[in-house]
Number of protein chains: 2
Amino acid sequence: MSRTVLTREQVLEAADDLVRQHGPDALTMRGLAARLGTAVTSIYWHVGNRESLLDALVERTVEEMGAIQPTGRTPATRIVSVARRLRGELHARPHLIAMVHERGLTERVLLPAQRALVREAHTAGLRGARAAEAVRAVQFQVVGFVLVERARELAQDETPGRERPRKSASARKDPALARALARPADPERLFTASMRALVKSLLAQGST
Amino acid sequence: MSRTVLTREQVLEAADDLVRQHGPDALTMRGLAARLGTAVTSIYWHVGNRESLLDALVERTVEEMGAIQPTGRTPATRIVSVARRLRGELHARPHLIAMVHERGLTERVLLPAQRALVREAHTAGLRGARAAEAVRAVQFQVVGFVLVERARELAQDETPGRERPRKSASARKDPALARALARPADPERLFTASMRALVKSLLAQGST
DNA sequence: ACCTGAACACCGTTCAAGT
DNA sequence: ACCTGAACACCGTTCAAGT
């Protein structure tokens with residue numbers, strides 16, 4: 001591609017492209033070198049090794065995500081808005097989620113959102129350890145949800161329709177429920193619903 | 001090890017040992033063959049390839065987990081008890097979680113617990129789509145939580161103390177909160193607390 | 001300071017050949 | 001039916017040598 005001297009930035013850029021298009025597994029040092037038109041070993045000079053290259057990629061994307069502004073009137077709706085935005089940001093970068101997760105950088109990604117959440121918990125009347133617990137509960141819920149969602153998407157791609165669930169005794173008693181469980185979940189809806197449920201209970205502790 | 005003829009069961013057993021002790025990455029076809037004292041290619045004859053070997057391993061462990069009995073008086077406490085037991089089961093098999101997750105078999109692991117959850121939602125007065133949503137919310141919460149926890153543990157092993165969070169404006173106003181957030185979260189406590197919060201709100205919908 | 005090819009020590013998988 | 005060694009096409013990484 002480029003005729004000029006190779007820079008660390010160019011290596012990162014090309015690696016980022018590769019990961020975005022085909023996932024982290026598609027990023028091989030040899031493939032990357034070929035793409036850049038250099039010897040494999042040049043890449044090692046610029047980024048150390050594969051592991052630290054991926055680290056740099058994650059750091060890059062996390063910075064790019066930036067802060068999150070809450071919207072809405074009540075603390076509850078504002079917290080849910082932060083959660084939804086955070087989910088959206090993570091969803092826009094499907095491969096990033098797995099990489100952050102594997103690297104244990106979850107806390108790092110959550111830091112910008114944490115500030116906003118703390119502020120809202122405070123206005124809702126929560127203090128000290130109780131506020132911290134509420135903030136963390138929301139954070140865990142968001143990341144956990146996105147991870148499960150992602151796994152579900154991958155599963156659909158690779159094994160479409162693995163096994164029909166058998167009808168249980170309680171299913172026969174409530175066919176509407178059985179039908180709802182047979183359908184794949186609508187993640188957007190489910191996320192908002194459980195987030196609202198969680199936040200409602202957490203904030204209720206502030207006023208008692 | 002064994003002098004007799006090689007069986008599929010022996011291959012699975014040895015593979016299971018390896019994964020349990022050193023994780024899925026440690027499972028190489030060559031290493032496994034060496035451990036069993038056979039040629040690599042014999043293993044291929046018995047289990048197909050590495051991918052289906054891992055699939056078989058997951059299936060095996062999931063069956064081993066079995067059903068989950070709720071305890072407690074009210075539907076809320078019974079649901080929370082199922083959630084806690086499920087978390088415990090998953091936690092007792094650290095490597096399994098990652099494997100199930102990567103393979104998109106989350107739903108499969110959750111099936112036994114789902115029956116119990118449906119029953120409790122029903123006794124709590126939830127019906128149809130609303131009951132399904134509650135059940136799924138709980139399931140997502142459990143798996144998500146465990147995934148986040150696991151990532152956190154891995155992170156601790158590899159990068160102890162990456163970066164101290166700076167003191168924010170709101171942290172200075174509530175030092176107890178700041179201290180609580182600086183400490184690593186107690187997952188057991190946090191899990192139970194947010195599970196209770198979630199379930200409380202979800203079931204409240206049944207009586208309105 | 002930056003780039004190179006050759007080489008090392010690994011992988012998973014296939015295949016033709018054995019018994 | 002079951003097992004084998006050889007070979008293929010990949011990996012990440014190191015190292016001595018170039019400019």
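Only a predicted model underlies this, so the values are computations on that prediction, with no experimental measurement involved. Proteins get letters first, then strands, A, B, ... in listed order; numbering begins at 1 in each.
The pair B/Glu51-B/Arg103 meets the salt-bridge criterion, with a side-chain N (NZ, NE, NH1 or NH2) lying under 4.0 Å from an Asp/Glu carboxylate O. At a threshold of 4.0 Å, the pair B/Glu13-B/Arg35 does not count as salt-bridged, since none of the basic side-chain nitrogens sits closer than that to a carboxylate oxygen. Between B/Glu89 and B/Arg93 there is a salt bridge, with a side-chain nitrogen of the basic residue lying less than 4.0 Å from a carboxylate oxygen of the acidic one.
Annotation: side chain of A/Val109 is not in contact with side chain of A/Val143 (no heavy-atom distance under 4.5 Å). In this structure, A/Arg87 and A/Met195 have side chains that are not in contact, with every pair of non-hydrogen atoms separated by 4.5 Å or more. Within the 4.5 Å cutoff, the side chain of A/His95 has heavy atoms near those of the A/Arg150 side chain.
A/Leu36 has its CG atom 15 Å from the C1' atom of C/dC2, to the nearest Å. At whole-Å resolution of the value, CG in A/Leu32 and P in C/dC3 are 13 Å apart. The interatomic distance linking B/Ile43 (CD1) with C/dC15 (C1') rounds to 17 Å, in whole Å. The distance between atom CG of A/Asn49 and atom P of D/dT13, rounded to the nearest whole Å, is 5 Å. Atom CD of B/Glu51 is separated from atom P of C/dT14 by 13 Å (rounded to the nearest Å). When rounded to the nearest whole Å, the span between CG of B/Leu6 and C1' of D/dA1 equals 13 Å. Look at CZ on B/Arg50: it is 13 Å from C1' on D/dC11, rounded to the nearest Å.
Comparing A/Tyr44 and B/Thr38 along DNA chain D, the residue whose closest nucleotide (by nearest heavy atom) sits nearer the 5' end is B/Thr38. A residue-by-residue look at A/Thr41 and A/Trp45 shows that A/Trp45 has its nearest nucleotide of DNA chain C further toward the 5' end.
For the segment residues 11-30 of chain A, the set of residues with a heavy atom within less than 4.0 Å of an atom of DNA chain D comprises A/Leu27, A/Thr28, A/Met29, A/Arg30, in numerical order.
Between the side chains of A/Ser52 and A/Asp55, not a single donor N or O lies within less than 3.5 Å of an accepting N or O.
Pair assignment for D/dG5: C/dC15, on the basis of Watson-Crick or G-U wobble contacts that are both within less than 3.5 Å.
Nearest to the side chain of A/His46, among D/dT14, C/dC3, C/dT13, sits C/dC3.
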